[in-house]
Amino acid sequence: DGPVLFCEGEKSVDAARRLVGDAYDVLCWPCGANSVSKADFTPVRGREVTIWPDHDDAGMKCAKTLSGILRGLGCTVGVVQVPKALPEKWDAADAEQDGWTREQTLDLLHNTTTADVHSVKVISLLEIDSREYPQDPVISGLLDMKESLVVVATSGLGKSLLTNQIAFELAMERSTFGGIDFNRTGLFGKFAIPKQRRVLFLQSENSAGAVQRRFRKMLFEHKEYRTALKNIYYFNVNEEIRKTGEFTDLAFMDEIRQAIEQNSIDVLIIDPLISYHGCDENDNAEMRRSLDKITELISSTGIAVIMVHHTGKNGDLTGRGATAIKDWSGTVVGLSKAEDKFQKKNGELVIDVCVPKNRNYPEPQPFKIVRSKNLTFSLLSEKDYSEQDAKDIAVVVEALKELGGRCDSANELITAVMNKANIQTTMAKRYIDKARAAGEIMYCVSETDGRKRGYAIQDGGGLTGEVVDAEPVTADPESMVSR
């Protein structure tokens with residue numbers, strides 16, 4: 001039950017035992033500094049612990065990791081402050097070789113601090129104002145470095161497939177492949193990807209074989225994705241790629257941090273959230289504590305995080321469970337199955353996409369993507385709609401143009417469409433939903449009272465109010481517009 005002294009390596013342990021073994025239980029862990037997170041420290045739970053690190057950056061980094069693990073076990077922890085004048089890599093074995101006495105060694109061991117491990121710093125608003133914080137987009141319009149994006153959808157739509165494609169788009173070379181220029185316009189042709197990134201998957205569901213079969217199908221359609229293979233990583237767990245753990249487990253999070261730092265990772269993709277939060281998903285306090293561990297990881301490594309989550313009750317596209325999940329997220333991208341009338345004839349799946357939260361960018365208008373038989377996604381263009389759909393959409397656009405390009409109430413446009421097409425209210429609402437889903441018209445803020453109402457032509461004709469996201473006019477829960 002006495003105080004414990006941890007040294008780095010057996011040679012240092014033997015020397016420390018000869019110097020101060022009567023005052024401390026002197027211990028180490030196997031395989032050196034890089035393996036500290038893999039050892040079991042539960043036997044020293046609740047003890048008073050001193051860490052004597054090697055006198056170098058690796059030693060201090062190891063001490064920080066070990067300090068966090070021990071504090072999680074209820075230990076009182078101090079880290080020895082080795083005098084800067086001593087040689088690099090100096091340790092207990094060197095102290096013994098240099099002729100240090102027991103008293104000298106005890107004096108050193110009593111000079112401990114936690115300042116370098118858990119330093120508390122503040123910064124004034126004036127200093128923040130004087131600094132430059134350049135924006136570093138990962139996916140322009142959706143995700144920056146040091147931020148988070150959550151993909152929300154029901155089972156079967158292809159959340160994991162979509163994150164695979166995002167990873168390929170991020171990691172591929174921005175040059176030529178096979179003599180063909182593949183400098184692309186970005187994700188779905190809507191969101192620019194300014195630079196190549198290195199991606200790490202933390203996932204618990206798909207085997208290496210399943211992932212291989214998937215990406216080989218994707219490569220059949222997008223040969224340029226082959227240039228991304230060297231920049232996309234998975235955890236190797238006994239020659240498999242499924243890794244489990246919990247965000248609140250300090251040792252688990254240290255493994256993730258090491259993988260990020262050792263492989264210069266830019267983007268971490270977590271699939272799915274439920275495998276890793278380790279708590280009651282409906283408890284706001286518990287979920288926030290868990291997700292704050294990801295915030296700490298983002299802050300310490302500078303990465304961006306993309307996370308896969310499931311829809312909530314009644315298809316809520318802000319995500320299942322506690323509202324803390326949405327509150328924590330920088331951006332939420334919601335996927336839902338489009339109406340049957342919008343399914344392509346060859347059986348490819350059409351998906352509605354909306355962005356119900358976008359902390360750092362304007363919320364884009366909802367749009368549709370198509371999942372091909374080769375498991376890749378592309379933007380659904382106007383030519384992909386049926387001839388009748390195109391006619392219905394054209395009626396709405398013409399009616400809105402006749403109103404001057406915008407209107408300040410939904411009812412105004414509904415009436416105009418009813419009169420123009422000689423149809424009833426319900427059908428007029430469906431026409432308007434089609435036009436909005438196709439990106440031909442958009443919701444906007446009323447000029448008179450600032451409320452979210454009315455419509456404007458997508459190209460900006462007559463638009464002076466702010467464009468916003470809002471509910472569709474159709475009351476039908478199966479509306480093609482994502483809710």
Side-chain angles (χ1 to χ4, degrees), residues 51 53 55-69 71-72 77-85 88 111-150 170 191-198 200 247-248 250 253-254 256-268 270 284-285 287-307 323-332 355 357-363 466:
I51 302 171
H55 188 38
D56 55 16
D57 291 342
M60 279 308 301
K61 181 179 178 181
C62 174
K64 291 179 182 181
T65 300
L66 178 54
S67 177
I69 294 171
R71 283 190 172 85
V77 185
V79 180
V80 173
Q81 299 301 290
V82 178
K84 293 182 179 179
E88 187 175 4
N111 180 28
T112 63
T113 184
T114 61
D116 286 343
V117 180
H118 291 280
S119 59
V120 178
K121 299 179 180 179
V122 297
I123 183 172
S124 72
L125 196 58
L126 180 63
E127 187 173 352
I128 291 174
D129 184 54
S130 69
R131 295 184 178 184
E132 294 293 330
Y133 296 96
Q135 199 167 17
D136 187 6
V138 177
I139 306 172
S140 294
L142 291 178
L143 177 66
D144 290 344
M145 292 298 291
K146 300 183 181 180
E147 294 288 350
S148 58
L149 182 152
V150 178
L170 292 174
F191 305 101
I193 296 176
K195 61 187 291 187
Q196 189 177 29
R197 305 287 185 176
R198 293 166 71 88
L200 173 65
F247 296 149
T248 53
L250 293 173
M253 294 303 290
D254 186 63
I256 298 173
R257 183 177 291 102
Q258 286 187 45
I260 290 167
E261 293 173 347
Q262 292 171 7
N263 296 283
S264 301
I265 297 301
D266 301 300
V267 180
L268 175 67
I270 301 170
N284 274 300
M287 282 304 304
R288 189 69 199 209
R289 277 193 292 271
S290 181
L291 290 169
D292 280 347
K293 297 302 180 183
I294 298 299
T295 301
E296 292 174 8
L297 182 69
I298 291 171
S299 299
S300 64
T301 61
I303 61 167
V305 169
I306 298 173
M307 193 177 296
T323 58
I325 301 172
K326 178 188 175 183
D327 294 341
W328 174 86
S329 309
T331 301
V332 178
V355 184
K357 180 182 179 183
N358 207 7
R359 181 182 294 155
N360 299 313
Y361 294 95
E363 293 179 11
E466 178 190 0

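In this view, Arg359 and Glu147 satisfy the salt bridge (Lys or Arg N to Asp or Glu O under 4.0 Å) rule, not counting sequence neighbours. Annotation: salt bridge (Lys or Arg N to Asp or Glu O under 4.0 Å) contacts of Asp144 (sequence neighbours excluded): none. For Glu88, the salt bridge (Lys or Arg N to Asp or Glu O under 4.0 Å) criterion is met by no residue, not counting sequence neighbours. Applying the side-chain contact (heavy atoms from CB on, under 4.5 Å) rule to Lys195 yields the partners Asp136, Arg197; only residues at least two apart in sequence or on another chain are considered. Listed by chain and residue number, Leu142, Thr331, Val355, Tyr361, Glu363, Pro364 satisfy the side-chain contact (heavy atoms from CB on, under 4.5 Å) test with Asn358 (two or more places apart in sequence, or in another chain). Not counting sequence neighbours, the partners of Ser299 by the side-chain contact (heavy atoms from CB on, under 4.5 Å) test are Thr295.
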key: side-chain contact (heavy atoms from CB on, under 4.5 Å) between Ile270 and Val305, worked out   = CA-CA 7 Å; Ile270 301 170; Val305 169; 3.9 Å; yes

request  = Evaluate the side-chain contact (heavy atoms from CB on, under 4.5 Å) criterion for residues Met253 and Ile294: first the C-alpha distance (whole Å), next the side-chain angles of each, then the deciding distance (0.1 Å), finally the verdict.
outcome  = CA-CA 9 Å; Met253 294 303 290; Ile294 298 299; 4.0 Å; yes

query = So Val150 and Lys357, side-chain contact (heavy atoms from CB on, under 4.5 Å) or not? Walk me through it.
reply = CA-CA 10 Å; Val150 178; Lys357 180 182 179 183; over 6 Å; no

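With Ser130 contributing its side chain and Glu127 its backbone, the two residues share a donor-acceptor pair below 3.5 Å. Ser148 contributes a side-chain N or O that, together with a main-chain N or O of Gly330, makes up a donor-acceptor pair within less than 3.5 Å. A distance-only check finds no donor-acceptor pair linking the side chain of Lys293 to the backbone of Leu250 [under 3.5 Å].
Annotation: side chain of Tyr133 is not in contact with side chain of Lys146 (no heavy-atom distance under 4.5 Å). Using a 4.5 Å heavy-atom cutoff, the side chains of Ile256 and Ile260 are in contact. Using a 4.5 Å cut-off on side-chain heavy atoms (C-beta onward), Val138 and Val267 make contact. Annotation: side chain of Cys62 is not in contact with side chain of Pro53 (no heavy-atom distance under 4.5 Å). For the pair Ile139/Leu170, a side-chain contact is recorded, criterion being any heavy-atom separation below 4.5 Å from C-beta on. By the 4.5 Å heavy-atom criterion applied to side chains, Asp292 and Trp328 are counted as neighbours.
Between Arg198 and Asn263, the closest heavy-atom pair is NE-O, 2.8 Å. Contact between Asp56 and Gly59 at its shortest, heavy atoms only, is OD1-N, 2.6 Å. Scanning all heavy atoms of the two residues, the minimum distance from Ser67 to Val77 falls at OG-CG1, 3.8 Å. Closest non-hydrogen pair, Leu200 versus Ala259, comes out as CD2-CB, 4.0 Å. In plain terms, the two heavy atoms of Val79 and Gln81 that are nearest each other are O-NE2, 3.1 Å. Scanning all heavy atoms of the two residues, the minimum distance from Asn284 to Ala324 falls at OD1-N, 2.8 Å.
Rounding to the nearest 0.5 Å gives a distance of 8.0 Å between CE of Met145 and OG1 of Thr301. Put simply, CD on Gln135 and CG on Asn360 are 6.5 Å apart, with the number rounded to the nearest 0.5 Å. Separation of atoms NZ (Lys61) and CG (Asp254) is listed at 8.0 Å; rounding is to 0.5 Å.
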